[in-house]
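For reference, the structure is listed below as structure tokens.
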Amino acid sequence: LDQDEMIWFTVTVSNRLVRFDPRTATFTDIALPHNGFMRWISDTFVGVIMKVASWFPAQNLQLWLSHHKLLNVGAEAFNFPYGIDVSPTTNAVWYAKLLGNAIGTVDRDTLEVTEIPTPFKGPRRMRFAADGTLWIPGFDEGKLARFDPATRQFETIALPVLGKGEYEMPYALAVHPQTGDVWIAANNTDRVLRYIPKEKRFIAYPMPNRVIWFRDFDITPEDNVC
């Protein structure tokens with residue numbers, strides 16, 4: 001939700017950004033860059049493939065007709081815009097592409113899209129701090145990234161692990177609106193990590209149960225991290 005009370009969301013498989021105006025009940029559909037020929041195939045034909053597959057139930061034709069399977073292109077088959085937030089200082093909308101390894105922003109007047117490759121793989125559910133800093137979890141590489149929208153510069157921070165050769169999969173994070181501390185889902189090791197930017201250090205909180213898989217965080221008015 002931006003400061004003009006417009007609702008913005010990503011459409012993951014279709015590689016699109018959508019704006020909804022609650023006052024007029026209208027949608028504005030914004031196509032995002034394809035980022036390569038294989039991803040263009042997905043953006044263009046996945047709807048057709050799913051439609052054809054629906055005519056033959058339980059045959060899994062969406063798999064047999066997919067270039068992901070036929071050509072073994074892996075993650076390069078999709079962009080997966082998966083994560084979005086609005087800057088509290090500029091009202092700019094930013095989104096993340098989980099498989100496209102990029103973040104992007106859209107000009108709300110011209111709807112022109114600008115994308116920036118990330119220096120790590122798997123940007124996911126990113127969140128803004130109160131000062132306009134954008135914090136991004138690097139899902140594929142166990143990273144935390146600080147991004148300055150003004151300078152377009154990244155700072156990448158490795159998440160702490162429990163042993164040599166291990167890695168983290170940070171799915172989501174939240175930023176405390178007053179302290180600026182970043183709370184991160186460390187899903188591979190059943191922990192929540194707290195990064196204190198002023199001190200550049202982490203605090204780890206082991207969870208009471210195993211196989212914890214946090215998909216989102218929020219911080220309540222009472223200062224609880226949920």
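Scope of the values below: all heavy atoms of this structure, side chains included, with no hydrogens, waters or symmetry mates.
- Residues Asp181 and Ile196 approach most closely at OD1-CG2, 3.7 Å, considering heavy atoms.
- Counting heavy atoms from C-beta on, the side chains of Phe78 and Val13 come closer than 4.5 Å.
- Side-chain atoms of Asn91 and Arg108, non-hydrogen and from C-beta on, do get closer than 4.5 Å to each other.
- Between the side chain of Asp190 and the backbone N or O of Ile212 there is at least one donor-acceptor pair closer than 3.5 Å.
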**Q.** Residue pair Asp29, Arg16: steps toward the side chain to side chain contact (heavy atoms under 4.5 Å, CB included) verdict
**A.** CA-CA 7 Å; Asp29 185 15; Arg16 309 186 84 80; 2.8 Å; yes
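- Taking the side chain as every heavy atom from C-beta outward, Arg19 and Val93 never approach each other to under 4.5 Å.
- Closest non-hydrogen pair, Pro123 versus Asn101, comes out as CD-CA, 3.9 Å.
- The main-chain N or O of Ala77 is found under 3.5 Å from a side-chain atom of Ser42 such that the two form a donor-acceptor pair.
- In Gln3, the CD atom is crowded: over 12 heavy atoms of neighbouring residues, nucleotides or ligands sit closer than 6.0 Å.
- For CD of Glu199, the number of neighbouring non-hydrogen atoms (other residues, nucleotides, ligands) closer than 6.0 Å is greater than 12.
- Annotation for Thr10 and Pro81: closest pair OG1-O, 3.3 Å, computed over non-hydrogen atoms.
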Q: Check the pair Trp213 / Met169 against side chain to side chain contact (heavy atoms under 4.5 Å, CB included), numbers first and verdict last.
A: CA-CA 10 Å; Trp213 194 259; Met169 299 177 73; 4.2 Å; yes
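- Closest heavy-atom contact between Ile49 and Leu65: CD1-O, 3.8 Å.
- Smallest separation of non-hydrogen atoms from Trp135 and Ile157: CZ3-CD1, 4.2 Å.
- Residue pairs meeting the side chain to side chain donor-acceptor pair (under 3.5 Å) criterion with at least one member in residues 44-63, sequence neighbours excluded: Trp40-Thr44.
- No donor-acceptor distance shorter than 3.5 angstrom exists from the side chain of Thr12 to the backbone of Phe80, with no hydrogens or angles considered.
- Salt bridge annotation for Arg127-Asp216: present, with a cationic side-chain nitrogen under 4.0 angstrom from a carboxylate oxygen.
- Between the side chain of Asn187 and the main chain of Pro170, no donor-acceptor pair closer than 3.5 Å is present.
- No chain of hydrophobic side-chain contacts below 4.5 Å, direct or via other Ile, Leu, Val, Met, Phe, Trp or Tyr residues, connects Ile184 to Val225.
- Residues Tyr195 and Phe139 are members of separate hydrophobic clusters, defined by side-chain heavy-atom contacts under 4.5 angstrom among Ile, Leu, Val, Met, Phe, Trp and Tyr.
- For the atom pair CD1 (Ile103) and OG1 (Thr114), the distance works out to 11.0 Å, reported to the nearest 0.5 Å.
- Separating the CG atom in Asp2 from the CG atom in Asp85 is a distance of 11.0 Å, to the nearest 0.5 Å.
- Leu134 and Val175 fall into different hydrophobic clusters, where Ile, Leu, Val, Met, Phe, Trp and Tyr are joined by side-chain heavy atoms under 4.5 Å apart, directly or via other members.
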Q: Start with the C-alpha gap between Phe45 and Val52, add the side-chain angles, then the distance that decides, and say whether side chain to side chain contact (heavy atoms under 4.5 Å, CB included) holds.
A: CA-CA 11 Å; Phe45 296 108; Val52 171; over 6 Å; no
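- A cation-pi arrangement, defined by a distance under 6.0 Å to the six-membered ring centre and an angle within 45 degrees of its axis, is absent between Arg125 and Tyr171.
- Partner of Phe147 under the side-chain contact (heavy atoms from CB on, under 4.5 Å) criterion, out of Glu155, Met126, Gln153, Arg152: Arg152 alone.
- When hydrophobic clusters are built by joining Ile, Leu, Val, Met, Phe, Trp and Tyr residues whose side-chain heavy atoms come closer than 4.5 Å, directly or via intermediates, Val11 is grouped together with Ile7.
- Between Phe27 and Phe20, the ring planes are tilted. Angles from 30° to 60° get that label.
- Of the inter-residue distances, the one linking Asp109 atom CG with Glu112 atom CD reads 11.5 Å to the nearest 0.5 angstrom.
- For the residue pair Asp43 / His34, a side-chain donor-acceptor distance below 3.5 Å is found, with atom types taken as modelled.
- For the pair Lys143 and Glu141, the salt-bridge criterion is not met [side-chain N within less than 4.0 Å of a carboxylate O].
- Separation of atoms NZ (Lys121) and CG (Leu98) is listed at 12.0 Å; rounding is to 0.5 Å.
- Relative ring orientation between Phe154 and Phe120 is described as perpendicular, the plane-to-plane angle rising above 60° on a 0-90° scale split at 30° and 60°.
- Across Ala130 and Pro177, no two heavy atoms sit closer than the pair CB-O, 3.6 Å.
- Inter-residue side-chain proximity for Met6 and Thr28 is flagged as unmet; no heavy-atom pair is nearer than 4.5 Å.
- Between Val113 and Ile30, some side-chain heavy-atom pair lies under the 4.5 Å cut-off.
- Note: the hydrophobic cluster containing Phe9 does not contain Tyr95 (ILVMFWY, side chain heavy atoms under 4.5 Å, direct or indirect links).
- Residue Tyr167 qualifies as open at atom OH: its count of foreign heavy atoms under 6.0 Å is 12 or below.
- Using a distance-only test at 3.5 Å, with no hydrogens or angles considered, no donor-acceptor pair links the side chain of Glu76 to the main chain of Arg39.
- Using a 4.5 Å cut-off on side-chain heavy atoms (C-beta onward), Asn188 and Glu166 make no contact.
- Between atom CG of residue Leu159 and atom OG1 of residue Thr189 there is a gap of 9.0 Å, rounded to the nearest 0.5 Å.
- Salt bridge status for Arg191 with Glu168: present, with a side-chain N to carboxylate O gap under 4.0 Å.
- Here the side chain of Asp131 pairs a donor or acceptor atom with the backbone of Thr133 at under 3.5 angstrom.
- With a 4.5 Å cut-off on side-chain heavy atoms, Leu1 and Val86 do not count as touching.
- Remark: side-chain polar atoms of Asn79 are not paired, donor with acceptor, to backbone N or O of Asn15 under 3.5 angstrom.
- At least one side-chain heavy atom of Leu17 sits under 4.5 Å from a side-chain heavy atom of Trp8.
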(Q) With side chain to side chain contact (heavy atoms under 4.5 Å, CB included) as the criterion, how do Phe128 and Trp94 come out once you've worked through the C-alpha distance, each side chain's angles and the decisive distance to 0.1 Å? (A) CA-CA 9 Å; Phe128 275 100; Trp94 286 81; 3.5 Å; yes
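- Rounding to the nearest 0.5 angstrom, the gap separating the CD1 atom in Ile41 from the CG atom in Leu71 is 7.0 Å.
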